[in-house]
Amino acid sequence: MELSQYLSMFIDESKEHLQSLNENLLSLESSPQDISIVHNIFRSAHTLKGMSATMGFEDIAALTHEMENVLDLVRNSKIEMNPFIFDCIFKSLDSLESMVEDIIQGGTGKADVSPIVVSLRSIVTGEYKTEQAPVAATAVKEQTKGIEVDEFQYSILQQSIDSGFLVFYVEVTVNDNCVLKAARAYMVFDALERMGEIVKATPSVQEIEQEKFDRSFSLYFISKVDQGTLEKEILNVSEIHSAVIITVDTESLAELSRPRTEVEAARQEIAAAVAAVIATAPVVATETAPKAEPAAAVAKPAAGGAPVASRTIRVDIERLDALMNLFSELLIDRVRLEQLASEVKRNDLTETVEHMSRVSSDLQNIVLKLRMVPVDSVFNRFPRMIRDLAKSLDKKVDLVITGAETELDRTVIDEIGDPLVHLLRNAVDHGIESISDRLAAGKSEHGTIQLRAFHSGNHVFIEIEEDGKGIYRDKVLKTALKNGLVTAEQAAKLSDMEVYNLLFASGFSTAEKISDISGRGVGLDVVKTKIQMLGGHVQVDSKPGLGSKFSVQLPLTLSIISAMLVRLGSEKYAIPLSSIVETSAIQKQQIRNIHGNKMVDYRNSVIPLVSLSTLFNVPDFNEDLEEETEIVVVRKGDKQVALMVDEFIGQQEIVLKTLGKYLSGLFAISGATILGDGQVALIIDPNALIK
């Protein structure tokens, strides 16, 4: 079977299962007695193992198999969860994530996980050091108790163990829909006989050949091969549903019953023992991986038990990008048609164009929503990260997430993860105090980090707020003066907000010592750069002793935006509506000149006045010759600037096009758009004009 076509599906589903494992394990850590969570974890691990084995990623399957052995003991109440077991399973998940990432990068998914495997096996055997009493040591003895063999078979099994051979109890189950059960059983027997010797089968070989069995048969098997090889060979046979394998040792062999005279009674006891093994034993139970599912999500039963139809499908992001590009071209033509219809002035043409505009507007909303992804896809990895960070710093931190259903454009989602990681790590390390410091300050020993997302206009805001020690103005200024970021005169005039924003300067750090978490002078400057690249901005507010809040503002989408078209002489420009406060007109005598800078009175304040014609070297327009000039007031955070223009054209939805690598880095220009008349209009980036 050609598996490469299923690789992307395997990667997607592996990520989902790993995320589910992390989330459920965190929940279990809060409620260690909730066995239902253990069942959920076991199912995810089991599915991941089957998928990996099918795809040929044996290292992932092997590690997940060892996790299953531990989880099976927990879910059958053989052992209880404790910090050692939690840490081992979390480390296992980290290794699995690394192996999946290696596959994504084109690797084979192989890794040396022997230390983790040793830890997991020590849990199964009860050899690890903990306050918990080891219970697993007697598991095998209980599993095989009461299984019938005669004197001769018993002596063969005993001599085999004494001679260094491995003895296994094996139960094989075929699929429900298997047509040729006897043929599948024969193939299993043939595979086993190439590796060792079958001592006894139940039902008998003759009954199995005549298909006188339901779905399963069991046997004792002697071999030199290990359990993993045996399991693999059995599951290589088609239409085998599962294989239950138990290693039999001298102690458990001594518990086997001696033969009885009534054959029927023996069979009943064997059947009871097999049922007990399946119901309670911590065994190696491996199902063949389900056939690769289509991209559609698996239908889940409704509350009443009836299956419901699948309502979602997976779509390659490149197809959505192609759809967006095609719609962008359609939008440009729509604007052109509207312009032509207004010139021709025919009723039937105007009505048709108006109808097409309404339909295309609805289509635009659908296309944009297709690209929208809940921020939960980014947020869901943070609880585990905060848990590990808090543990390494010996702090107690609660992460409270709200607004995870808030949606953002897929392009923004893909880029926002790293900046948020920096901010959260900063909050845990710099913000939240140690337990002793919090208690001394009269606070709860548990620090709280609020991670919020919400819509506001055409933007999404993401806030990270903690109740830690806050930011101290003097400490920040001291570091800024030392690094030459500001002079003493400038420092005296800075507001608290401006001082806090110095934290985003390149190389700025107030950490007293360097660690693997912070203090290397990287982090917040990277955050600011990345967010500005996405067309957003970040700011910080703080109250010393009470905590800090970082607020990130991001555009909803990066593809189609609403803009105000303006004219500068013969040239046209677009200004994003999301940045515009209002438009107005001013008289020439209202313009002030303060220290060589043009300023204008605006709503009880004075704001800078920027000449776009001078900035962009427009040849056929000069606002100095105008008695009255139109202005567009734009804002960035709390700061505002007035832009002087020649004429307002009107509001329009435009398609954002990049300028390519040859025109990249143009000051105050974020891209271009094609207008209905075929002209190209540059899109102004107001954020670059406000400092």
Side-chain angles (χ1 to χ4, degrees), residues 1-25 41 43-71 87-121 226 228-229 231-233 235-236 286-295 314-319 321 373 377-378 380-382 384-385 388 410-411 413-422 425 516 526 530:
M1 182 176 64
E2 178 58 48
L3 295 176
S4 59
Q5 60 181 314
Y6 298 115
L7 184 59
S8 62
M9 189 183 301
F10 166 79
I11 290 170
D12 287 342
E13 295 196 4
S14 295
K15 285 182 173 180
E16 290 175 6
H17 284 298
L18 286 170
Q19 183 58 43
S20 174
L21 285 165
N22 269 303
E23 291 174 354
N24 280 310
L25 203 56
I41 296 172
R43 280 194 291 271
S44 291
H46 190 69
T47 305
L48 181 59
K49 181 178 78 169
M51 290 164 45
S52 305
T54 303
M55 295 295 295
F57 300 123
E58 297 297 340
D59 283 18
I60 296 179
L63 179 55
T64 319
H65 171 71
E66 299 294 343
M67 282 175 54
E68 268 189 324
N69 290 345
V70 174
L71 293 167
D87 287 345
C88 282
I89 299 180
F90 273 127
K91 288 175 184 176
S92 302
L93 295 182
D94 290 340
S95 297
L96 290 171
E97 287 175 354
S98 298
M99 288 189 274
V100 171
E101 186 60 34
D102 181 59
I103 293 168
I104 294 172
Q105 301 302 324
T108 58
K110 292 187 178 295
D112 179 16
V113 293
S114 52
I116 301 174
V117 170
V118 169
S119 297
L120 291 170
R121 287 179 178 173
D226 59 48
T229 304
E231 175 187 310
K232 182 178 178 182
E233 289 296 324
L235 294 177
N236 276 341
T286 306
E287 294 183 8
T288 52
K291 296 293 183 291
E293 298 171 0
R314 283 198 178 98
V315 180
D316 193 309
I317 189 65
E318 291 183 0
R319 294 187 181 183
D321 288 339
V373 179
S377 60
V378 177
N380 58 21
R381 60 175 162 149
F382 294 145
R384 167 70 194 285
M385 183 190 81
D388 291 347
R410 174 62 184 261
T411 311
I413 286 285
D414 290 343
E415 300 292 335
I416 195 58
D418 288 342
L420 293 182
V421 166
H422 279 297
R425 288 170 70 89
D516 60 347
V526 176
K530 174 67 78 172

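Keep in mind that this is a model prediction, so the values were computed, not measured. Along the sequence shown, the residues carry numbers beginning at 1.
Remark: side-chain polar atoms of D102 are not paired, donor with acceptor, to backbone N or O of S98 under 3.5 angstrom.
Applying the side-chain contact (heavy atoms from CB on, under 4.5 Å) criterion to V373, with sequence neighbours excluded, gives S377, R410, I413. Considering only residues two or more places apart in sequence or on other chains, K530 meets the salt bridge (Lys or Arg N to Asp or Glu O under 4.0 Å) condition with E415. Applying the side chain to side chain donor-acceptor pair (under 3.5 Å) rule to T108 yields no partners; only residues at least two apart in sequence or on another chain are considered. Residues passing the side chain to side chain donor-acceptor pair (under 3.5 Å) test with N24 are S20, sequence neighbours excluded. The side chain to side chain donor-acceptor pair (under 3.5 Å) test applied to E101 returns Q105, not counting sequence neighbours. When the ring-ring contact (aromatic ring centres under 6.0 Å, His included) test is applied to F90, no partner is found at least two apart in sequence or on another chain. With sequence neighbours left out, the salt bridge (Lys or Arg N to Asp or Glu O under 4.0 Å) criterion links R384 to D94, D388. Under the salt bridge (Lys or Arg N to Asp or Glu O under 4.0 Å) criterion, D12 pairs with no residue at all, not counting sequence neighbours. Considering only residues two or more places apart in sequence or on other chains, V421 meets the side-chain contact (heavy atoms from CB on, under 4.5 Å) condition with R381, F382, M385, R425. Scored by the side-chain contact (heavy atoms from CB on, under 4.5 Å) test, A111 finds M99, V113 as partners (sequence neighbours excluded). Annotation: salt bridge (Lys or Arg N to Asp or Glu O under 4.0 Å) contacts of E97 (sequence neighbours excluded): none.
Taking all atoms of both residues into account, the shortest heavy-atom contact from D59 to G109 is CB-O, 3.9 Å. Closest non-hydrogen pair, M67 versus S92, comes out as SD-CB, 3.6 Å. Across K49 and A61, no two heavy atoms sit closer than the pair CG-O, 3.5 Å. In terms of heavy atoms, G417 sits closest to V378 at CA-CG1, 3.8 Å.
Atoms CD1 and CD1, on I89 and I116 in that order, are 11.5 Å from each other to the nearest 0.5 Å. Distance check, rounded to the nearest 0.5 Å: CG of N69 to CG of L120 gives 8.5 Å. The structure places CG of L48 at 4.5 Å from OG1 of T64, a figure rounded to the nearest 0.5 Å. Going from atom NZ of K91 over to atom CG of L96 covers 14.5 Å, rounded to the nearest 0.5 Å. The OG atom of S52 lies 7.0 Å from the CD1 atom of I103; values are rounded to the nearest 0.5 Å. Between the CD atom in Q19 and the OG atom in S14 there is a gap of 13.0 Å [rounded to 0.5 Å].
Residue pairs meeting the salt bridge (charged side-chain N to carboxylate O under 4.0 Å, His left out) criterion with at least one member in residues 15-25, sequence neighbours excluded, are E16-R314.
Side-chain contact between C88 and V70 is absent, with no heavy-atom pair separated by less than 4.5 Å.
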